[in-house]
Amino acid sequence: MTSDSPANNNVASRALVEWVAESARLTQPANIVWCNGSSAERERLLGEAVKSGVLIRLNQRKRPGCYLHRSNPNDVARTEQVTFVCTPSAHEAGVTNNWMAPDEAYRKLQKMLEGSMRGRTMYVIPYVMGPVGSPYAKIGVEITDSIYVALSMGIMTRMGDSALSMLGDSDHFNRGLHCTLDLNPERRFICHFPQDNTIWSVGSGYGGNALLSKKCFALRIASWLGRNEGWLAEHMLIVGVRNPEGHTRYIAAAFPSACGKTNLAMLLPPPALRGWKVFTVGDDIAWLRVGPDGRLWAINPENGYFGVAPGTSARSNPNAMRMLGHDSIFTNVGMTPDGDVWWEGMDVEPPSDLLDWHGRKWQAGGGERAAHPNSRFTTPITNNPVLSPHVEDPCGVPISAIVFGGRRATTAPLVLEAKDWLHGVFIGATMGSETTAAAAGKVGVVRRDPMAMLPFAGYNMGDYWRHWLAMESRITEPPRIFMVNWFRKADNGAFLWPGYGENLRVLKWMLDRIDGQVAGRPTFLGTVPEPAEIDLSGLEIAPEQLSHALAVKTGEWKAEMASAGELFDRIGPSVPEELRRLHRELSSSLESGAT
Ligand code: SAT
Ligand code: MN
């Protein structure tokens with residue numbers, strides 16, 4: 001084994017050096033590369049990835065700096081069934097997580113890791129989550145044998161020497177050990193050890209399983225750190241909405257994977273809403289803290305976007321299309337004969353001789369998709385034409401509204417405001433959403449997905465809700481809490497609401513509520529807009545269509561509360577009594593026919 005360690009001289013943290021040496025003793029790589037995050041290093045790694053066939057260089061005239069990766073077809077999404085929270089007791093992980101005892105998990109994965117990098121390169125990737133130097137930022141180091149992971153981490157995080165400088169001689173960093181193994185689904189495990197600030201992931205190269213900064217650290221481990229340290233790590237985008245008077249307010253919105261977070265975070269206002277502008281702070285993860293002024297402040301810990309490609313088009317998200325023009329890695333999309341990318345919903349005719357995501361010739365109308373439904377782009381945050389100027393602010397941005405959204409063909413109204421913080425937590429805790437291609441398994445099945453965190457809360461869901469409730473007493477100006485659903489359908493299967501840029505009309509109603517400009521209509525579930533309160537200028541939508549989108553129906557919510565009650569029962573005594581009480585009250589008022 002050669003230990004390529006010139007950068008070692010810059011590493012002040014003995015704990016880091018020792019952990020890397022220990023990991024190398026276990027996995028036996030042929031050589032070790034400490035990533036410094038320089039552009040020269042990136043060019044070198046890109047060259048190597050192309051040479052070894054991990055990446056395909058796309059047409060550099062059309063998409064400078066862009067590459068295509070085709071994954072193993074068995075490795076295209078998160079695998080929740082083999083994702084474990086390894087706390088000392090099963091109770092700490094709770095019933096919504098898979099649990100394995102830490103000793104057992106370490107032993108099991110250690111066997112798989114022994115000698116697993118023989119003949120391969122080990123990349124050591126120090127990274128910062130959050131603005132470098134921010135008191136709210138955290139440091140992680142990922143060790144991986146995947147050059148695709150190394151290159152993706154270089155986009156998704158602030159990676160390299162800046163992380164080492166920030167770490168200094170501290171031993172306080174997340175230890176992520178990732179090894180591709182042979183991609184055998186039987187030997188695929190993603191194990192989190194919150195007490196050790198450690199993640200071990202084997203057998204997958206897919207984003208959410210292998211880019212350990214993202215779901216593993218910034219959500220599962222961070223949610224656990226957040227509970228201990230008094231803050232929240234959430235599956236939320238952060239968006240700045242500036243009104244024509246020039247006043248910007250920030251909204252944090254939780255949606256399950258592949259429900260349009262990236263699109264909402266960078267939406268282009270419809271022409272009729274003159275003077276409005278939207279800025280992206282984050283598209284997937286928010287770390288929320290109570291600031292010295294008592295307001296809730298959010299940072300985006302990430303430095304790039306790992307977004308869903310299909311459905312992204314010049315019409316649905318022109319800002320995203322612009323940002324994907326350069327320096328991006330595409331995974332599992334189709335490739336045109338001239339070396340460009342193509343996917344379903346791009347609103348561009350597919351050329352003949354298109355290759356599908358497997359690299360096979362694709363037949364239009366043959367029933368197969370050219371791009372995998374969970375095909376992705378990985379692109380630097382700075383590519384975003386509507387990036388917020390506050391994205392590097394060490395303390396983040398103040399949050400005026402929190403939104404919980406799901407993908408529901410029925411039941412959930414376009415928008416609704418909760419009565420207060422407690423009721424808002426209840427709305428978040430009981431939300432449901434249809435499953436998507438972002439996780440392996442059946443698509444389109446409604447499941448409870450509290451706060452869009454079902455797969456990401458790193459500890460007992462009941463305790464997580466308790467932590468949410470406890471946050472209120474520390475916030476002097478709590479954000480208002482809303483629920484949204486862009487995906488409700490008419491009986492003929494068509495979407496009732498046009499979505500995308502038009503969603504700004506819904507955000508505008510929320511801000512109008514905050515400003516006391518609109519009264520809304522109270523229902524048993526919260527306040528919904530009177531149809532006239534939604535700015536429909538320039539939008540043709542039939543009044544009955546809008547009323548259907550806004551409807552809150554007793555029968556549907558009876559079923560919804562029955563299902564939420566089942567989740568509460570499954571979680572058991574750790575569900576906070578306040579949430580149980582709201583559930584009982586709402587269920588009984590629905591029984592007596594509340595409207
Ligand atoms: O693959 S990821 O988990 O990072 C994306 C998502 O599912 O939200
Ligand atoms: Mn996500």
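Ligands are counted one by one from 1 in listed order, and the atoms in each one are counted from 1 as well. All values reported here derive from a predicted model rather than from experimental measurement.
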**Student:** Are N74 and R188 close enough that a side-chain donor and a side-chain acceptor fall under 3.5 Å?
**Tutor:** yes
**Student:** Hey, can you tell me if W342 and W362 have their rings parallel, tilted or perpendicular (30° and 60° cut-offs)?
**Tutor:**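 Judged by the thresholds at 30° and 60°, the geometry between W342 and W362 is tilted.
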**Student:** For the Mn ion (ligand 2), does an N/O/S atom of G208 lie at less than 2.8 Å?
**Tutor:** no
**Student:** Starting from atom 7 (O) of ligand 1, locate the nearest protein heavy atom and write down its residue, its atom name and how far away it is, to 0.1 Å.
**Tutor:** S257 OG, 2.8 Å
**Student:** Could you tell me whether R447 and E80 make a salt bridge, using a distance below 4.0 angstrom between a side-chain N and a carboxylate O?
**Tutor:**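 Result for this pair is yes, salt bridge flagged.
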**Student:** Can you confirm whether the side chains of T262 and D283 place a donor and an acceptor under 3.5 Å from each other?
**Tutor:**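 Distance-only check passes for T262 and D283.
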**Student:** Against heavy atoms of A438, which atoms of ligand 1 measure under 4.0 Å?
**Tutor:**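 Here the atoms of ligand 1 in question are 7 (O).
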**Student:** Please confirm whether R376 comes under 4.0 Å of ligand 1, counting heavy atoms of the residue only.
**Tutor:** yes
**Student:** Atom 8 (O) of ligand 1: which protein heavy atom is closest, and how many Å away?
**Tutor:** K215 NZ, 2.4 Å
**Student:** Is the distance between the ring centroids of F306 and Y206 under 6.0 Å?
**Tutor:** yes
**Student:** Nearest protein heavy-atom contact for atom 3 (O) of ligand 1: which residue, which atom, what distance?
**Tutor:** R78 NE, 2.7 Å
**Student:** Establish, from distance only, whether the side-chain atoms of T312 and N317 form a donor-acceptor pair under 3.5 Å.
**Tutor:**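 The answer is no; no qualifying pair exists.
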**Student:** Got a salt bridge between R158 and E392, using NZ or NE/NH1/NH2 to carboxylate O under 4.0 Å?
**Tutor:** yes
**Student:** Which residue supplies the protein heavy atom nearest to atom 1 (O) of ligand 1, what is that atom called, and how far is it?
**Tutor:** Y206 OH, 2.7 Å
**Student:** May I have the angle between H235 NE2 and K215 NZ with its vertex at the Mn ion (ligand 2), rounded to 10°?
**Tutor:** 100°
**Student:** What atoms of ligand 1 come within less than 4.0 Å of a heavy atom belonging to K214?
**Tutor:**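 Numbered from 1, ligand 1 contributes 4 (O).
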**Student:** As a test of reading the structure, name the N/O/S atom of D284 that is nearest the Mn ion (ligand 2).
**Tutor:**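 It is OD1, the N, O or S atom of D284 closest to the Mn ion (ligand 2).
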**Student:** Could you tell me if the ring centre of W468 sits under 6.0 Å from that of W421?
**Tutor:**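 Yes.
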**Student:** Can you find an N/O atom of F456 closer than 3.5 Å to an N/O atom of ligand 1?
**Tutor:** no
**Student:** To check your reading of the model: name the closest protein heavy atom to atom 2 (S) of ligand 1, its residue, and the distance in Å.
**Tutor:** G208 CA, 3.7 Å
**Student:** Show which atoms of ligand 1 fall inside a sub-4.0 Å distance from at least one heavy-atom site of H235.
**Tutor:** 8 (O)
**Student:** Checking side-chain polar atoms at under 3.5 Å, does T180 have a donor or acceptor matched by the opposite partner on Y148?
**Tutor:**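 No, no side-chain donor-acceptor contact under 3.5 Å.
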